[in-house]
Amino acid sequence: MGEGRQYWLMKSEPDVFSIDDLARSPNHTTSWNGVRNYQARNFMRAMKLGDQVLFYHSNANPPSVVGIAEVVKIAYPDATQFDPQDPHFDPASKPEQPRWDVVDIRFVHKFETSLSLDVLRGQPRLKGMELLRRGSRLSVQPVRAAEWNQVVRLGRGRADG
DNA sequence: GCCAACGTTGGC
DNA sequence: GCCAACGTTGGC
């Protein structure tokens with residue numbers, strides 16, 4: 001069988017959908033729709049039940065990792081791609097062969113302290129993190145186990161990092 | 001609001 | 001298949 005639990009990071013603009021919105025959602029769960037980038041989609045397709053997700057607020061002040069979610073439903077077609085009224089409508093995607101997927105994620109935990117990019121950049125152990133790469137725009141990205149552990153340790157209370 | 005870094009599109 | 005033009009993301 002495959003490896004164990006894997007780790008990911010997903011970006012959302014808090015003005016559009018914040019971690020508090022996730023916590024307030026029915027069953028604390030939402031479908032992650034609107035992804036229209038193939039690399040990000042492929043990462044979602046690789047997600048398994050129970051995979052853990054860092055929830056990141058982009059276009060925020062400051063941009064920060066704010067908590068944890070988990071995958072509760074694996075990839076399935078994104079309904080918004082077929083809805084002409086939806087901003088994410090994709091006229092080229094056919095229902096027989098959907099181009100875009102979602103996964104469902106559920107709220108797990110909100111950090112006591114949000115971890116800004118500045119704070120994360122100050123962590124030598126996070127040097128190779130995709131999020132911190134200059135020009136990194138991927139809205140769904142993998143996180144290494146060591147990076148996950150470090151970020152969560154920071155989020156649980158920044159006493160000694 | 002600026003702009004760097006990408007991704008996509010379309011002419012050729 | 002190249003590449004210029006254009007659109008988007010997202011930090012600053």
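Quantities reported herein were computed from a predicted structural model and do not represent experimental measurements.
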Review point. Near L117(A) CG, under 6.0 Å, is it more than 12 heavy atoms from other residues, nucleotides or ligands?
Key: yes
Exercise for review: Examine W32(A) together with Y76(A) and report whether their ring centres are nearer than 6.0 Å.
Suggested key: no
**Study point:** Partners passing side-chain hydrogen bond (donor to acceptor under 3.5 Å, both in side chains) against Q39(A) (at least two apart in sequence or in another chain)
**Key:** none
Exercise for review: May I ask you to say whether D90(A) pairs ionically with R36(A), meaning some side-chain N is under 4.0 Å from a carboxylate O?
Suggested key: no
Check your understanding: What are the residues of residues 129-141 of chain A, sorted by number, that bring a heavy atom to within less than 4.0 Å of DNA chain B?
Key -> R133(A), R134(A), G135(A), R137(A)
**Study point:** Check against ring-ring contact (aromatic ring centres under 6.0 Å, His included), H109(A) and F107(A)
**Key:** CA-CA 6 Å; H109(A) 175 79; F107(A) 175 83; 7.6 Å; no
Check your understanding: Is any side-chain heavy atom of K11(A) less than 4.5 Å from a side-chain heavy atom of L131(A)?
Key -> yes
Review point. Side chains of S136(A) and E130(A): do they bring a donor and an acceptor to under 3.5 Å?
Key: yes
Exercise for review: Under 4.0 Å from any heavy atom of chain A: name the first and the last nucleotide of DNA chain C that qualifies, 5' to 3'.
Suggested key: dG7(C) to dC12(C)
